[in-house]
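Below is one structure, written out as structure tokens, with a few remarks after it.
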Amino acid sequence: RLKHLKGKKTALTDEREAQLTAMGFSWYRYGPTSWEERIEDLKRYKAMHGDCLVPLKHKNDKNSEWKRLANWVSFQRLQYKKMKKGDPSSLLTEERRQELADIGFIFSVKDDNPSSNWNSMLDELYRYKSTHGSCNVPANFELNRRLAAWVRYVRDLYARKQAGED
């Protein structure tokens, strides 16, 4: 069966992905970077920013020193989802999962319990509004990037709903 990528079919089936993985295929576009190097990058990022929530988009996207790390972090989250589902094509081992957990890595930026996550983020938005006087959280709000990402997510949901997509 064909996998779907953002609603489009792709020829990379689970079986084909597993075949390539088994033969040592590198899924990284920009050459081999060792696990240890990325872990060190993540530790350095956390030391500078206080968390492991490396945003996929930055102010200076093309010149961002964190862009490759952000892609790697996103890839680890995808592998974690596969691991949780018991998918044998997951490249994340239990040992590596634990190493990420020990750093404070957040494996799912969306809570497994949607209503719990919604209420938690809504509370954060109420706190933001009481401090700043509005719900206009800047997209690059450094003090709470998770809230900024959630607000973007909610606006995207709203736009899709208005367009009749949901």
Side-chain angles (χ1 to χ4, degrees), residues 1-58 61 64-125 137 139-154 156-157:
R1 88 178 200 270
L2 294 178
K3 293 173 102 176
H4 292 274
L5 182 65
K6 293 186 181 178
K8 297 178 182 175
K9 290 183 179 179
T10 173
L12 184 61
T13 63
D14 291 337
E15 295 81 17
R16 289 175 179 174
E17 183 179 340
Q19 285 175 324
L20 289 167
T21 299
M23 69 185 285
F25 183 81
S26 174
W27 295 104
Y28 300 98
R29 180 181 293 172
Y30 300 105
T33 299
S34 76
W35 172 264
E36 292 78 17
E37 288 173 308
R38 284 294 181 240
I39 287 291
E40 289 307 312
D41 288 345
L42 188 58
K43 288 178 181 176
R44 189 166 53 93
Y45 181 90
K46 184 177 181 181
M48 293 173 73
H49 299 278
D51 60 44
C52 296
L53 296 170
V54 186
L56 280 170
K57 296 193 179 198
H58 300 271
D61 225 14
S64 172
E65 68 175 296
W66 302 116
K67 188 171 184 169
R68 286 187 184 163
L69 180 61
N71 289 331
W72 182 83
V73 162
S74 180
F75 183 76
Q76 299 313 312
R77 288 192 178 112
L78 174 67
Q79 296 308 307
Y80 176 72
K81 285 178 189 175
K82 287 181 173 186
M83 179 190 220
K84 270 181 63 174
K85 291 178 183 175
D87 186 336
S89 69
S90 174
L91 302 176
L92 187 64
T93 63
E94 179 55 34
E95 180 182 278
R96 287 181 172 185
R97 187 208 61 77
Q98 188 58 53
E99 189 173 1
L100 287 168
D102 291 345
I103 298 170
F105 188 81
I106 296 173
F107 290 95
S108 178
V109 287
K110 296 178 188 171
D111 196 316
D112 288 340
N113 179 348
S115 62
S116 153
N117 188 49
W118 180 270
N119 292 335
S120 168
M121 296 310 297
L122 194 59
D123 288 345
E124 288 188 43
L125 186 58
V137 181
N140 59 354
F141 187 52
E142 289 295 321
L143 296 176
N144 192 336
R145 287 188 307 229
R146 186 170 177 238
L147 178 61
W150 183 78
V151 166
R152 282 192 308 273
Y153 169 72
V154 169
D156 182 55
L157 287 178

Residues in salt bridge (Lys or Arg N to Asp or Glu O under 4.0 Å) with [X], at least two apart?
X	value
E124	R146
K43	E40
E94	R97

Is a side-chain N or O of S90 found less than 3.5 angstrom from the main chain of Q79, in a donor-acceptor match?
-> yes

Out of curiosity, [X] [atom1] to [Y] [atom2], how far, rounded to the nearest 0.5 Å?
X	Y	atom1	atom2	value
F105	Q76	CZ	CD	6.5 Å
Y45	L69	OH	CG	8.0 Å
L92	D87	CG	CG	12.0 Å

Where do [X] and [Y] come nearest, in terms of heavy atoms and distance?
X	Y	answer
I103	C52	CG2-SG, 3.7 Å
V151	L125	CG2-CD1, 4.2 Å
T93	M83	C-CE, 3.5 Å
R152	A139	NH1-O, 2.9 Å
W150	L122	CH2-N, 4.1 Å
V137	A148	CG1-CA, 3.8 Å

May I ask you to check whether over 12 heavy atoms, not counting those of Q98, lie within 6.0 Å of atom CD?
-> yes

When you look at K82 and E17, which way does the salt bridge (Lys or Arg N to Asp or Glu O under 4.0 Å) test go after all the steps?
-> CA-CA 13 Å; K82 287 181 173 186; E17 183 179 340; 2.3 Å; yes

Aromatic ring centroids of W72 and W66 under 6.0 Å?
-> no

